[in-house]
Amino acid sequence: MKKFAIAVDGPAGSGKSTVAKAVAKRLGIIYVDTGAMYRGVAYFCIQQGVSPLDEAGVLSLLKDIKMEIQPTSDGQRIFLDGEDITSKIRTQKIGQGASQVATIQTVRQKLGDMQRDMAKNNSVIMDGRDIGNFVLPQAEVKIYMDASVEERARRRMGELATKGEKPVFEVICEEIIRRDENDMNRLYNPLRQGKDAVYLDTTAMAIDDVVETIIRITEEKIGEV
Ligand code: DC
């Protein structure tokens, strides 16, 4: 099988990870969740008593972070100092912290290098905010996935509820808007739809339809996988 890469970018809650995971399974390729890496950095900083907003503090910790990413048939697991933190990083607080550490250029360079390394010898579907434009600009397929704020908030509510959190809809909407602003307006590698990315509005689409659409686009670009 020819090596290829699918880059999936878009705002928080647009359905990237659910869809990318399913596409990876169908095509037998590796799924890389880059947001988890930014969450891992934020988690480590908070654990060490450093605010994700404290740039100098975050930078002083960066060399001590021992983060390991393990692709699995069911997605990806992330380890910090050997501890599996995959589910611990899926909170609103860590998501917000991730968006904050993601504004720091040195953090982006370090994680971007790790991400490129994972795609070097494998076919991947990688999701994030800057994959098509910065991390894998040569990716054969680029998708920009979007959905309305209300729909993304509804999806996030469901996700958080299964983890025992009791979110308030309006608060989740506000957090999504704040996170969009942060991710789209930062100086380094902001979230933008690339000129060569296919725009998919998933607001009224079922997950399976989005998965099928991405597989069709991929086969159109590189032939049958
Ligand atoms: O996809 P997510 O919600 O897990 O991502 C958490 C934050 O990490 C997101 O708000 C911005 C940052 N991020 C980034 O800047 N670049 C990426 N490629 C992935 C995530």
Side-chain angles (χ1 to χ4, degrees), residues 5-21 31-46 52-53 55 58 62 65 67 69 75-78 80 85-119 124-137 139 142-147 149 151-153 155-160 163 165 167 172-194 197 202:
I6 305 173
V8 182
D9 291 298
S14 54
K16 301 185 301 290
S17 60
T18 311
V19 166
K21 223 184 279 181
Y31 165 53
V32 183
D33 170 4
T34 64
M37 301 182 186
Y38 289 91
R39 286 171 183 264
V41 172
Y43 179 87
F44 182 70
C45 292
I46 292 168
L53 286 168
E55 183 165 338
V58 173
L62 206 55
I65 300 183
M67 199 159 64
I69 305 299
Q76 162 187 295
R77 303 213 73 82
I78 175 166
L80 196 62
I85 56 162
T86 310
S87 49
K88 288 188 179 155
I89 56 171
R90 316 273 10 141
T91 64
Q92 284 297 96
K93 182 178 173 194
I94 300 294
Q96 211 64 48
S99 181
Q100 287 156 354
V101 298
T103 61
I104 305 171
Q105 192 183 24
T106 313
V107 172
R108 303 206 66 82
Q109 275 162 353
K110 182 182 165 104
L111 299 188
D113 287 347
M114 282 174 74
Q115 291 153 15
R116 271 184 285 271
D117 218 44
M118 293 181 76
V124 296
I125 178 162
M126 190 177 283
D127 83 14
R129 304 294 187 287
D130 61 340
I131 309 305
N133 286 338
F134 296 99
V135 178
L136 301 176
K142 298 183 184 180
I143 307 287
Y144 188 90
M145 216 183 269
D146 206 355
V149 170
E151 175 59 21
R152 292 191 280 137
R155 293 174 188 171
R156 209 50 129 193
M157 296 275 294
E159 235 175 76
L160 293 170
K163 290 176 179 68
E165 292 192 36
I172 298 289
C173 282
E174 273 167 33
E175 284 178 353
I176 283 179
I177 291 167
R178 192 156 16 111
R179 188 115 78 89
D180 283 357
E181 268 170 19
N182 216 29
D183 294 345
M184 290 171 175
N185 297 315
R186 67 178 174 228
L187 193 57
Y188 305 109
N189 306 13
L191 170 64
R192 299 258 160 83
Q193 183 194 346
T202 70

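Atoms considered below: every heavy atom in the structure, side chains included; atoms not considered: hydrogens, waters and symmetry mates. All ligand and atom numbering here is 1-based and tracks the order in the structure. Along the sequence shown, the residues carry numbers beginning at 1.
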* Close-contact set for ligand 1 against G128 heavy atoms, below 4.0 Å -> 17 (C), 18 (N), 19 (C)
* **Close-contact set for ligand 1 against A102 heavy atoms, below 4.0 Å** => 12 (C), 15 (O)
* atom 19 (C) of ligand 1: the protein heavy-atom neighbour that sits closest, reported with distance to 0.1 Å -> T34 OG1, 3.3 Å
* Asked: Does a side chain donor of either D127 or S17 reach within less than 3.5 Å of an acceptor in the other side chain?
  -> no
* To do: Give the contacting part of R156 toward ligand 1: side chain, backbone, both or neither, where contact means a heavy-atom distance below 4.0 Å.
  => side chain
* **Donor + acceptor pair across side chains of Q92, E175 (<3.5 Å)** => yes
* **Polar side-chain atom of R108 near backbone of A102 as donor-acceptor pair, under 3.5 Å** => yes
* Please confirm whether the backbone N or O of V135 pairs with a side-chain atom of R116, one donor and one acceptor, at under 3.5 Å? => yes
* Structure fact -> atom 4 (O) of ligand 1: closest protein heavy atom, distance to 0.1 Å, is R39 NE, 2.7 Å
* Asked: Which part of M37 is near ligand 1, with near meaning a heavy atom under 4.0 Å away: side chain, backbone, both or neither?
  -> neither
* Considering only protein heavy atoms, which is closest to atom 8 (O) of ligand 1, and at what distance to one decimal place? -> Y38 CB, 3.5 Å
* **Option whose closest heavy atom lies nearest to atom 18 (N) of ligand 1, chosen from I104, D130, N189** => D130
* Asked: Under a 4.0 Å N-O cut-off, is there an ion pair linking D113 with K110?
  -> no
* Taking side chain as C-beta onward, heavy atoms only, is Q193 less than 4.5 Å from K142? -> no
* Structure fact -> Closest to atom 6 (C) of ligand 1 among protein heavy atoms sits R179 NH1, 3.4 Å
* Asked: Heavy-atom contacts under 4.0 Å between R90 and ligand 1: side chain, backbone, both, or neither?
  -> side chain
* SB check R156 E159 (cutoff 4.0 Å) -> yes
* Asked: Between D130 and R186, is the closest basic N to carboxylate O distance under 4.0 Å?
  -> no
* Structure fact -> atom 16 (N) of ligand 1: closest protein heavy atom, distance to 0.1 Å, is R108 NH2, 3.0 Å
* To do: Only heavy atoms count here, so choose which of R186, R129, Q115 is nearest to atom 9 (C) of ligand 1.
  => R129
